[in-house]
Amino acid sequence: MHDARELIGLGDAAVAALARRGFRFDPAPLAELLTGRNAAIHSGDELRAESKRLAGEVGKAAKAGGDPQLAEALKDQARALKDQVREAEEKAERLGSALHEAMLDIPNLPSEAVPDGLTEDDAVEVRRVGAPPSLDGPRDHVELGEALGILDFARATKLSGPRFAVARGAGAALERAIATLFLDLHTRRHGYTEFSVPTLVTRETMTGTGQLPKFEADLFATSAGDRELFLIPTAEVPLTNLHSGEILDEGALPLAYTAHTPCYRSEAGSYGRDTKGILRLHQFSKVELVRICTAETSNAELELMVSHAEACLVELGLAYRLVKLAAGDISFSAQLTYDLEVWLPSQDKYREISSCSDCGQFQARRAGIRVRNADNQRHPVATLNGSGLPIGRTMAAILENYQQPDGSVEMPKALVPYLGFSAIAADGTLVS
RNA sequence: GGUGGCGUGUCCGAGCGGCCGAAGGAGCACGCCUCGAAAGCGUGUGAUGUGCAAGCAUCCGUGGGUUCAAAUCCCACCGCCACCGCCA
């Protein structure tokens, strides 16, 4: 969420910046709500001050044992004043919440560093790392996974419907090994603190990071009795909201948090896309990175976080490229986003595996996360989040990139200690 | 789910319906003292809104209510603690 005064003050610059991401912004009605609300607050304050003064006089009149008629007259005045106070308060409340609701629907401003364009095709490539393997007629991860007996889509559908997967034997072990490798990497080498967090969260928590109120259709929700909880689409939500409503000491920043959690997404609106395999599921698991820092350092922090996500791919020996997303393609809360795309031999192209975003102060304002600086001033912090990395897509990339002509799949060296085997033979047996 | 107790500032902890944003401690910051430190002494030390500012207003778990006036009275809810029941 933006600071209303600031956004309105930006005027045409804000309109232009939001237009870059395809959002039509009209500051006029907001400005009207803001000035109306402030005027109502002001008059309410004045009336209340007068009311307090009167109450004091009533007290004096009554205590002094003075004129009881005077006290009664003052009470009448005070009663009349109270109606006016209430009126002003209601007006301020009404205009204030209208303003707030309008503000909740306005996306973050793309940073100037973000390239123009509205689609993923407008992303700008930053660099390519590693060389895709040369494979003759590569099989895709679905074919490989089913042949090896480590992925079972038919039974997953039986259990839960489309867009779910079952991993079996070495497949399940592989998921577990990948997650552990990533967590070890981030906690031991990159300095992140690991968390285990709730994956069901309140509406308020979802609003803090910007998933709500606008994108309710993308979420799975649960209810039990009169309780309503949402399944997290990413650990970004609980990790970032860990500090909602808090004032942090500048010296404690940056905070670097990681968690491995299941993620749930309705995937509404992606009907035709990636219907096959484990690239796009309603439930997947992911190791997430979150950094909380001052607004001034968020640029550098984003570069750092991207390097941490990249390290996962380097560690696994997977070829990838880094792209900077176009203004129209970054997520609602982001002001700058890098995507990591891993090479997928079956598709003969790079596919998104990580999204690393600098949300600036946008989420912090919603969630009320602030920092106190040396001068005792308070400002919203900056929040960043990135996948580091999703387990399923990583597994798909490993299967496809490490497949051998004989139908077996080698395991990346970094995973062997976690797995206890170095390859899966074509018939599904493990090679130690 | 049942019964009882409790929810006040960074923490502990007082608080009679008006003089309470709130006593008193602790902590922290600064100053004095000291060769330096500890102790001691002094001063300061919450947040939010609004306003150029001075200021004004709001906040004592949350939301309602009573009253001219609520941290203080009433109601509901939430959370925490203890015991009981149930349970992975």
Side-chain angles (χ1 to χ4, degrees), chain A residues 1-9 30-104 196-205 207-208 222-230 238 241-253 255 262 361 364-381:
Chain A
M1 184 166 58
H2 298 281
D3 178 80
R5 203 185 308 267
E6 205 175 285
L7 189 69
I8 291 163
L30 291 186
E32 204 170 303
L33 285 171
L34 181 65
T35 52
R37 181 196 71 131
N38 290 352
I41 287 175
H42 185 69
S43 75
D45 282 357
E46 300 235 300
L47 290 164
R48 209 180 296 102
E50 174 63 9
S51 156
K52 281 177 76 168
R53 200 187 58 74
L54 273 176
E57 278 186 35
V58 173
K60 267 184 236 156
K63 195 176 275 178
D67 188 351
Q69 280 193 337
L70 177 64
E72 279 311 312
L74 287 170
K75 281 188 191 182
D76 284 343
Q77 267 188 56
R79 261 188 285 263
L81 203 54
K82 210 168 110 177
D83 290 338
Q84 295 181 49
V85 171
R86 184 170 309 209
E87 218 170 281
E89 274 174 351
E90 275 168 9
K91 188 174 180 191
E93 167 65 28
R94 198 175 61 243
L95 296 176
S97 58
L99 178 65
H100 185 72
E101 271 169 42
M103 293 303 298
L104 282 178
S196 171
V197 289
T199 54
L200 286 170
V201 301
T202 61
R203 178 172 286 273
E204 194 184 4
T205 298
T207 306
T222 66
S223 65
D226 57 358
R227 258 180 116 177
E228 173 193 53
L229 291 169
F230 295 88
N241 280 290
L242 236 25
H243 292 293
S244 66
E246 295 183 15
I247 301 178
L248 307 168
D249 268 334
E250 190 168 5
L253 303 183
L255 298 172
Q361 297 175 302
R365 247 185 236 108
R366 293 180 157 237
I369 312 172
R370 287 168 298 165
V371 58
R372 188 200 311 275
N373 67 16
D375 297 332
N376 205 31
Q377 290 173 317
R378 289 160 295 280
H379 305 285
V381 297

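Chain letters run A, B, ... following the sequence lines, proteins first and then strands; every chain starts at 1. If you're wondering where the values come from, they're calculated on a predicted model, not measured in any experiment.
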Distance, C1' atom - from B/rC68 to B/rG17, rounded to whole angstrom
12 Å
Think A/Arg378 has a side-chain N or O under 4.0 angstrom from the OP1 or OP2 of B/rU48?
yes
Nearest whole Å is fine: how far is B/rG49 P from A/His100 NE2?
13 Å
Show the distances under 3.5 angstrom between N or O atoms of the protein and N or O atoms of nucleotides 50-52 of chain B.
{"unit_1": "B/rU50", "atom_1": "OP1", "unit_2": "A/Arg5", "atom_2": "NH2", "d": "3.0"}
{"unit_1": "B/rU50", "atom_1": "OP1", "unit_2": "A/Arg37", "atom_2": "NH2", "d": "2.4"}
{"unit_1": "B/rG51", "atom_1": "OP1", "unit_2": "A/Asn38", "atom_2": "ND2", "d": "3.3"}
{"unit_1": "B/rG51", "atom_1": "OP2", "unit_2": "A/Arg5", "atom_2": "NH1", "d": "3.1"}
{"unit_1": "B/rG51", "atom_1": "OP2", "unit_2": "A/Arg5", "atom_2": "NH2", "d": "3.4"}

Would you say A/Lys52 places a side-chain N or O within less than 4.0 Å of OP1 or OP2 belonging to B/rU58?
yes
Assigned partner base of B/rG63, Watson-Crick or wobble definition, under 3.5 Å
B/rC75
From CG (A/Leu200) to OG1 (A/Thr222), nearest 0.5 Å
5.0 Å
Should A/Arg37 and A/Ile41 count as side-chain neighbours, where that means a heavy-atom distance under 4.5 Å?
yes
Between B/rG55 atom P and A/Glu50 atom CD, what is the distance in whole Å?
20 Å
Whole-Å gap separating C1' (B/rC78) and CD (A/Glu204):
13 Å
Write down the distance separating the C1' atoms in B/rC52 and B/rA14, rounded off to the nearest Å.
41 Å
Suppose we define a pair by two distances each less than 3.5 Å, Watson-Crick or G-U wobble; what does B/rA57 pair with here?
B/rU48
Shortest non-hydrogen pair, A/Thr35 vs A/Glu32, comes out as OG1-O, 3.2 Å
Given that both distances must come in under 3.5 Å, which nucleotide forms a Watson-Crick or G-U wobble pair with B/rC68?
B/rG18
When both hydrogen-bonding distances must be under 3.5 Å and the geometry is Watson-Crick or G-U wobble, what is B/rC86 paired with, if anything?
none
Between A/Glu57 and A/Arg53 (salt bridge meaning N to carboxylate O under 4.0 Å), is one present in this structure?
yes
Is it true that atom CD of A/Glu204 has more than 12 heavy atoms of other residues, nucleotides or ligands lying nearer than 6.0 Å?
no
Figure out the CG/P separation between A/Asp3 and B/rU48, and round it to whole Å.
13 Å
With C1' as the reference atom in both, quote the distance from B/rU58 to B/rU3 in angstrom, rounded to an integer.
38 Å
C1' atoms of B/rG42 and B/rA47, separation to the nearest Å:
27 Å
Within the structure shown, what part of the strands sits under 4.0 Å from A/Ala55 by heavy-atom distance: base, sugar-phosphate, or nothing?
base
Between A/Arg372 and A/Arg79, just flag the one whose closest nucleotide in RNA chain B comes earlier from the 5' side.
A/Arg372
Taking the same atom, C1', in B/rG49 and in B/rG31, what whole-Å distance lies between them?
34 Å
So for atom NE2, which belongs to A/His379, do other residues, nucleotides or ligands contribute more than 12 heavy atoms lying within a distance under 6.0 Å?
yes
Could you tell me whether the phosphate oxygens of B/rC56, OP1 or OP2, come under 4.0 Å of any side-chain nitrogen or oxygen in A/Arg48?
no
Could A/Arg86 and A/Asp83 be called an ion pair, given the rule that one side-chain N must be under 4.0 Å from one carboxylate O?
no
Rounded distance (Å) that lies between atom C1' of B/rC68 and atom NZ of A/Lys82:
8 Å
What I'd like to find out is whether the side chain of A/Ile247 reaches to under 4.5 Å of the side chain of A/Val371, using heavy atoms alone.
no
Report the distance from atom CD of A/Glu93 to atom C1' of B/rG63, rounded to the nearest whole Å.
13 Å
Distance between C1' atoms of B/rC30 and B/rC16 (Å, rounded):
37 Å
Give none if B/rG40 has no partner; otherwise give the nucleotide forming a Watson-Crick or G-U wobble pair with it, both distances under 3.5 Å.
B/rC32
Which is more 5' along RNA chain B, the nucleotide nearest A/Arg370 or the one nearest A/Gly44? Just name the residue.
A/Arg370
Roughly how many Å is it from CG in A/Leu248 to P in B/rA47, rounded to a whole number?
14 Å
Pairwise P distance for B/rA22 and B/rA71, with rounding to whole Å:
12 Å
Please measure how far the C1' atom in B/rA57 lies from the corresponding atom in B/rC6, and state the result in whole Å.
31 Å
What does B/rG24 pair with, Watson-Crick or G-U, if both distances are under 3.5 Å?
B/rC12
Rounded to whole angstrom units, what separation is found between the CD atom of A/Glu89 and the P atom of B/rU58?
9 Å
How far does CG of A/Asn38 sit from CG of A/Leu99, to the nearest 0.5 angstrom?
9.0 Å
